[in-house]
Amino acid sequence: QVQLVESGGGLVQAGGSLRLSCAVSGSGFSINAMDWYRQAPGKQPELVATITSGGITNYADSVKGRFTISRANANNTVYLQMNSLKPEDTAVYYCAAELPDLIDYWGQGTQVTVSS
């Protein structure tokens with residue numbers, strides 16, 4: 001019942017910026033929070049940022065001060081603004097929706113590559 005589609009990834013030089021988008025669609029559900037995860041090659045997924053239905057945000061220490069998560073309710077879209085990108089930010093970034101009863105949905109991911 002929930003579909004998530006990420007977009008906005010690509011190649012960028014260190015110090016540059018990207019804005020990722022996640023379009024949420026479907027029916028018959030409510031969302032408690034939206035998350036951005038990332039997974040680098042050979043590593044476990046890492047929770048990058050969270051925004052609750054009440055607008056409370058939280059960030060991983062590695063991205064605090066550089067990334068901002070936000071939501072556009074009218075378009076059912078969540079964003080991740082990424083500034084001052086570093087090579088270690090290179091990963092596949094996933095949008096995830098937290099539904100009631102601990103049910104999560106993930107999108108297909110979008111690749112972010114930061115070159116030095």
Side-chain angles (χ1 to χ4, degrees):
Q1 291 86 1
V2 181
Q3 295 82 43
L4 307 173
V5 180
E6 300 96 333
S7 62
L11 304 175
V12 65
Q13 291 290 124
S17 298
L18 285 173
R19 188 181 73 166
L20 306 183
S21 299
C22 176
V24 184
S25 62
S27 62
F29 63 89
S30 61
I31 295 176
N32 294 333
M34 296 292 298
D35 307 318
W36 284 99
Y37 287 83
R38 67 185 182 187
Q39 186 171 25
K43 296 185 177 181
Q44 294 296 310
E46 174 190 17
L47 178 61
V48 174
T50 296
I51 184 167
T52 71
S53 60
I56 304 300
T57 60
N58 202 5
Y59 301 91
D61 289 341
S62 58
V63 306
K64 285 182 179 177
R66 300 189 297 120
F67 291 10
T68 303
I69 187 171
S70 62
R71 183 172 60 233
N73 292 330
N75 294 316
N76 296 318
T77 303
V78 63
Y79 302 98
L80 185 68
Q81 179 67 46
M82 306 185 295
N83 299 325
S84 302
L85 283 162
K86 305 174 181 179
E88 50 263 45
D89 295 318
T90 296
V92 177
Y93 283 72
Y94 298 92
C95 179
E98 300 180 22
L99 274 61
D101 299 323
L102 302 179
I103 299 174
D104 295 343
Y105 286 83
W106 290 52
Q108 84 289 347
T110 185
Q111 176 70 48
V112 172
T113 302
V114 184
S115 61
S116 59

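Linking ILVMFWY side-chain heavy atoms closer than 4.5 Å, directly or via other members, places Val5 and Leu99 in two distinct hydrophobic clusters. Trp36 and Leu47 end up in different hydrophobic clusters when Ile, Leu, Val, Met, Phe, Trp and Tyr side chains are linked at under 4.5 Å. Placement of Val114 and Leu11 in two distinct hydrophobic clusters is found when ILVMFWY residues are connected by side-chain heavy-atom separations under 4.5 Å, directly or transitively. Residues Leu85 and Val48 share a hydrophobic cluster, clusters being chains of Ile/Leu/Val/Met/Phe/Trp/Tyr side chains in contact below 4.5 Å.
Applying the side-chain hydrogen bond (donor to acceptor under 3.5 Å, both in side chains) test to pairs two or more places apart or on separate chains, those with a residue in residues 85-96 are Arg38-Asp89, Arg38-Tyr93, Arg66-Asp89. Here side-chain hydrogen bond (donor to acceptor under 3.5 Å, both in side chains) pairs that include residues 18-34, with residues two or more places apart or in two chains, are Gln3-Ser25.
Taking all atoms of both residues into account, the shortest heavy-atom contact from Ala49 to Leu80 is CB-CD1, 4.1 Å. The two residues Gln13 and Ser116 come nearest to each other via the heavy atoms NE2-O, 3.8 Å. Minimum heavy-atom separation, Pro45 to Gln39: CD-NE2, 3.6 Å. Scanning all heavy atoms of the two residues, the minimum distance from Ser62 to Glu46 falls at OG-OE2, 3.3 Å. The minimum heavy-atom distance linking Val92 with Gln111 is given by the pair CG2-OE1, 3.2 Å.
Trp106 places none of its side-chain heavy atoms less than 4.5 Å from the side chain of Cys95. The side-chain heavy atoms of Glu98 and Asp35, taken from C-beta on, include a pair separated by under 4.5 Å. Contact check for Leu20 versus Val112: side-chain heavy atoms found under the 4.5 Å cut-off. The shortest distance between side-chain heavy atoms of Met82 and Val63 does not fall below 4.5 Å. Between Tyr59 and Ile69 there is a side-chain heavy-atom pair separated by less than 4.5 Å.
Taken to the nearest 0.5 Å, the CG atom of Asn58 stands 10.0 Å off from the OG1 atom of Thr52. If you take SG on Cys22 and CZ on Arg71, they are separated by 11.5 Å, rounding to the nearest 0.5 Å. The distance from atom CG of Asn76 to atom CD1 of Ile31, rounded to the nearest 0.5 Å, is 7.5 Å. To the nearest 0.5 Å, atoms NZ (Lys64) and OG1 (Thr57) are separated by 10.0 Å. In this structure, CD1 on Ile56 lies 8.5 Å from CD1 on Ile51, to the nearest 0.5 angstrom.
Every residue was checked against the ring pair (Phe, Tyr, Trp, His ring centres under 6.0 Å) condition with Phe67, not counting sequence neighbours, and none meets it.
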